[in-house]
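A short write-up of the structure that comes next.
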Amino acid sequence: MKAPVDDRLAALRGSAKRRPYNARSLAALENNPRCTLRALLDASGSDKAAIAEHAGYPSPFGQSAFAFARGNTFEAMVKDNGCAELLRVLRETLKLTLPEVAYRDLNDVGGDGRNETRRDHTAEVLLQAAQGTGDGTLFDHPMLYLEVGGQEAFLEPDLVAFRIDGRFYIVEIKSFPIIDGQADPAQVRSATTQACAYVIALRALLEEAGIGPEAVSDTIVLVAPKDFTNRPTAAFVDARKQVSALTRQLARIERISDLVDLLPEGLTFDLDIDKDNKRPRRPAEELAEALEQVPATYRPDCLNHCEMAFYCRARARAEASLDVLGPAVREQLGGIDTVTMALGLARGQLTPTADQSDMAAALRHAARLRAELTGEVGGAA
Ligand code: SF4
């Protein structure tokens, strides 16, 4: 008989301390929903950065100290004086008719900053506001909460939730610039996906009091520096699709036992850390073998959001997987699994199956065109 799923997840993590879910790890579920390796590493609370490093692929993941400091300075400026600058932006840039504003700082409760205390206080204050029995329009640092696959996830937003016309909105304050009304799409997507976790958590909180999901907007308010100045501007970002996708992925985590059941008995990502010198004792090759037992669906944008990205990219390259070229190419080349196979068909060195014949003809044609353009001889058969 198989052990309960919690025990098997604990065995995957091994002796390491459990790393709880946070908004970033939840957002990553939406970024690469097909990835079994990521789902299992997160569900087991494994330390992805330490595992990647020990496998030989340390990741320079995370913000630089300079970017971190700049982000903190910008956020502090926007929130100074009870969010005075944020209010100006909401009123002037987004034309919101916010009335007299009551500002509530939910950072701690009378000096008690424990997660559980803050979560309960946040719940009380936001429920009162939703039910019209409490004050508050702007809520700074609410502590939200979700149960994910049976594990607690405290979501501590750097953000503000505000309530207008009976609806809550989530504000994300970021330090990347909005230049001529445009921002880097990858950064916007990353910011709004995290905000989606807050939308879902806030909806879950209100749902307990019988308040429907429409009470929390899935339009995110993004606040960021305008052009090359330090002056904030704001934009609405429609996050409906991302909220739906993340909701589906959270439901998938609830069914993590389906994935765990497919793993070989005894599989673990344990690094066997030596307590004295804090170094892993497990041979790196053995860890690599364990990782290879689990399917990973590498995509180029993994580099933006996952600590395992260099490891997975190397693995996909070694397997000549089409994944290294991204989902658009993979979809285009349906029925073809590897770069080697695609090149073999393009060069006429492989005989296509019946399913591959159309694609093989297209690849040979593309190879001929390329050969003509580059002056190569014999680019295709
Ligand atoms: S980097 Fe690897 S583990 Fe992380 S999401 Fe991408 S494929 Fe999955």
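Everything numeric here is computed off the predicted structure, so don't read it as measured data. Counting starts at 1 for both ligands and their atoms, following the listed order. Reckoned from all heavy atoms, side chains included, excluding hydrogens, waters and symmetry mates.
The number of protein N, O or S atoms lying under 2.8 Å from atom 6 (Fe) of ligand 1 is 1.
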Side-chain polar contacts of residues 204-220 - donor-acceptor pairs under 3.5 angstrom, sequence neighbours left out - could you list them?
unit_1: Ser217; atom_1: OG; unit_2: Thr219; atom_2: N; d: 2.9
unit_1: Asp218; atom_1: OD2; unit_2: Arg203; atom_2: NH2; d: 3.4

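The side chain to side chain donor-acceptor pair (under 3.5 Å) check on Tyr311 picks up Arg315, with sequence neighbours excluded.
The hydrophobic cluster containing Val89 does not contain Tyr169, counting ILVMFWY residues as joined when their side-chain heavy atoms lie under 4.5 angstrom apart, directly or transitively.
For the pair Leu41 and Val294, the minimum side-chain heavy-atom distance is 4.5 Å or more.
Remark: the backbone N or O of Asp47 is not paired with any side-chain donor or acceptor of Arg19 at under 3.5 angstrom.
Other members of the hydrophobic cluster containing Phe154, listed by chain and number, are Met143, Tyr145; membership follows side-chain contacts under 4.5 Å among ILVMFWY residues, whether direct or relayed.
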